[in-house]
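Taking it in order: structure first as structure tokens, then the write-up.
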Amino acid sequence: MSSIDKSGTFPLGDRTVKRLGYGAMQLAGPGVFGPPKDRDAALAVLREAVSSGVNHIDTSDFYGPHVTNLLIREALAPYSDDLTIVTKIGARRGADGAWLPAFSPEELTQAVHDNLRNLGLDVLDVVNLRIMFDVHEPAEGSIEEQVAALAAMQQKGLVRHIGLSNATSTQIREARRIAEIVCVQNQYNLAHRGDDNLIDELAREGIAYVPFFPLGGFSPLQSSTLSGVAQRLGATPMQVALAWLLRRAPNILLIPGTSSVEHLRENLAAAELDLPDDALSELDGVAMAV
């Protein structure tokens, strides 16, 4: 048994994945744009993740662009039967690295084919529709046309399962009237807890919730409470933040990213971290203090 087995498992459609996975975004260059600083190190991280028991990898063809998918293919193909690769469509990168919407049915179709080609797959396990009415946070707007386009590709056998990213509750309900939604990927962490009710609703429906930016992302969370708990437990702040997320709800799947084998091992060790009740109470209060 690998250490991350202690994180438990949860279904992604007809797939079952360990709750502690890996996000490939940081394997691209600075600002998730261009090639990695150290290609060999990037390949080593991917191989170490899988050898450590990770069977859920999150990626997108707009990371780089194309960089992380090509790295995944080089490092891991032919893929093991239990490896689930989740990708995202709905955005593209400008020449300056800007994050731009690519949200028309034609653009979504092209993106699915790009992901298939660059990953070397005949079918994508899970495709998340990245909703781009606001680049930085969920914003209302109908996604009927986009989900219908994904559902059509699902019927053609190009996509096995559909998820949503950067989604509101209204958009999730709209999408579920068109197709089965197996996961929602939004920003959520100790301090950013706007999706508390949504997580619990999805748990009751058996739908996975995949939080990104567990330590605040591009603006790292500065919390003396988090640092204090980590020091007391002999752990890193990231390990504590991940362990708290694992305790938060059974449907939460984690995809912490790193370009370092050492940091990968530290992150995966969060599966073994036992948070005592007093530490949980302290951490639950972080959101009220920021």
Side-chain angles (χ1 to χ4, degrees), residues 4-5 7-24 49-50 53-61 68-69 72 76-90 108-109 111-116 118-131 143-144 146-169 171-186 188 195 198-212 245-246 248-255:
I4 70 165
D5 289 341
S7 68
T9 62
F10 196 80
L12 268 177
D14 63 355
R15 313 282 290 178
T16 297
V17 299
K18 295 170 187 176
R19 294 181 61 212
L20 191 46
Y22 174 73
V50 170
V54 167
N55 65 356
H56 171 205
I57 292 179
D58 182 86
T59 185
S60 174
D61 214 44
T68 60
N69 280 355
I72 289 169
L76 303 178
Y79 305 111
S80 61
D81 290 341
D82 75 330
L83 180 62
T84 297
I85 299 177
V86 179
T87 190
K88 276 181 294 298
I89 61 174
L108 298 178
T109 300
V112 164
H113 285 283
D114 289 344
N115 278 277
L116 287 167
N118 289 325
L119 287 167
L121 291 168
D122 296 322
V123 57
L124 299 173
D125 292 324
V126 183
V127 175
N128 284 324
L129 174 67
R130 173 72 182 190
I131 302 169
I143 56 172
E144 178 180 359
Q146 289 76 20
V147 177
L150 259 176
M153 287 184 276
Q154 186 179 45
Q155 292 170 0
K156 292 178 180 177
L158 300 175
V159 172
R160 186 168 284 118
H161 298 296
I162 299 170
L164 301 175
S165 178
N166 205 36
T168 69
S169 295
Q171 289 161 343
I172 295 167
R173 289 192 295 270
E174 180 183 39
R176 293 185 69 197
R177 290 194 291 268
I178 301 166
E180 180 185 5
I181 300 299
V182 302
C183 59
V184 173
Q185 187 180 99
N186 281 359
Y188 181 84
D195 276 358
L198 174 62
I199 289 170
D200 296 333
E201 291 171 10
L202 295 176
R204 290 191 289 270
E205 298 288 337
I207 298 172
Y209 183 92
V210 188
F212 56 80
L245 286 166
L246 287 173
R248 169 62 186 82
N251 62 323
I252 285 182
L253 302 178
L254 302 182
I255 50 168

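Side-chain contact between V147 and E174 is absent, with no heavy atoms from C-beta onward closer than 4.5 Å. With contacts defined as side-chain heavy-atom distances shorter than 4.5 Å, the pair H113/L158 qualifies. Contact of the V210 side chain with the D58 side chain is not registered, since no non-hydrogen atoms from C-beta on lie closer than 4.5 Å. Residues L202 and D195 have side chains not in contact (no heavy-atom distance under 4.5 Å, counting atoms from C-beta outward).
Closest non-hydrogen pair, L254 versus P211, comes out as CD2-CG, 3.9 Å. Between G163 and V126, the closest heavy-atom pair is N-CG1, 4.3 Å. The two residues I207 and F10 make their nearest non-hydrogen contact at C-CE2, 3.9 Å. Looking at every heavy atom in both residues, A111 comes nearest to I89 through CB-CG2, 3.5 Å. Closest non-hydrogen pair, N55 versus T16, comes out as ND2-O, 3.7 Å. The two atoms that bring A167 and I172 nearest to each other are CB-CG1, 4.0 Å, heavy atoms only.
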E205 vs R176, test: side chain to side chain contact (heavy atoms under 4.5 Å, CB included). Steps then yes/no. CA-CA 11 Å; E205 298 288 337; R176 293 185 69 197; 3.3 Å; yes
Intermediate values then yes/no, side-chain hydrogen bond (donor to acceptor under 3.5 Å, both in side chains), T68 and T59: CA-CA 7 Å; T68 60; T59 185; 2.9 Å; yes
List the steps, then state whether side chain to side chain contact (heavy atoms under 4.5 Å, CB included) holds for R248 with D200. CA-CA 10 Å; R248 169 62 186 82; D200 296 333; 3.1 Å; yes
Any chance you could lay out the side chain to side chain contact (heavy atoms under 4.5 Å, CB included) test for L108 and L129, step after step, and finish with the verdict? CA-CA 9 Å; L108 298 178; L129 174 67; 3.9 Å; yes
Before giving the answer on side chain to side chain contact (heavy atoms under 4.5 Å, CB included), spell out for L76 and I57 the whole-Å C-alpha distance, their side-chain angles and the decisive distance to 0.1 Å. CA-CA 11 Å; L76 303 178; I57 292 179; 3.5 Å; yes
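Counting heavy atoms of neighbouring residues, nucleotides and ligands inside a 6.0 Å radius, atom CG of D14 exceeds 12 of them.
A distance of 11.5 Å separates CD1 of I4 from NE2 of H56, quoted to the nearest 0.5 Å. Going from atom CG of L121 over to atom OH of Y79 covers 5.0 Å, rounded to the nearest 0.5 Å. Rounding to the nearest 0.5 Å gives a distance of 7.0 Å between CG of L164 and CG of N128. Between atom CG of residue L12 and atom CG of residue N251 there is a gap of 10.5 Å, rounded to the nearest 0.5 Å. Here I162 contributes atom CD1 and M153 contributes atom CE; the two are 8.0 Å apart, rounded to the nearest 0.5 Å. Atom-to-atom distance recorded for D114:CG and L119:CG is 10.5 Å, nearest 0.5 angstrom.
When atom types are taken as modelled, the side chain of R173 and the backbone of T168 share no donor-acceptor pair closer than 3.5 angstrom.
When each of N115, N118, T87 is tested with D61 by the rule side-chain hydrogen bond (donor to acceptor under 3.5 Å, both in side chains), just one qualifies, namely N118.
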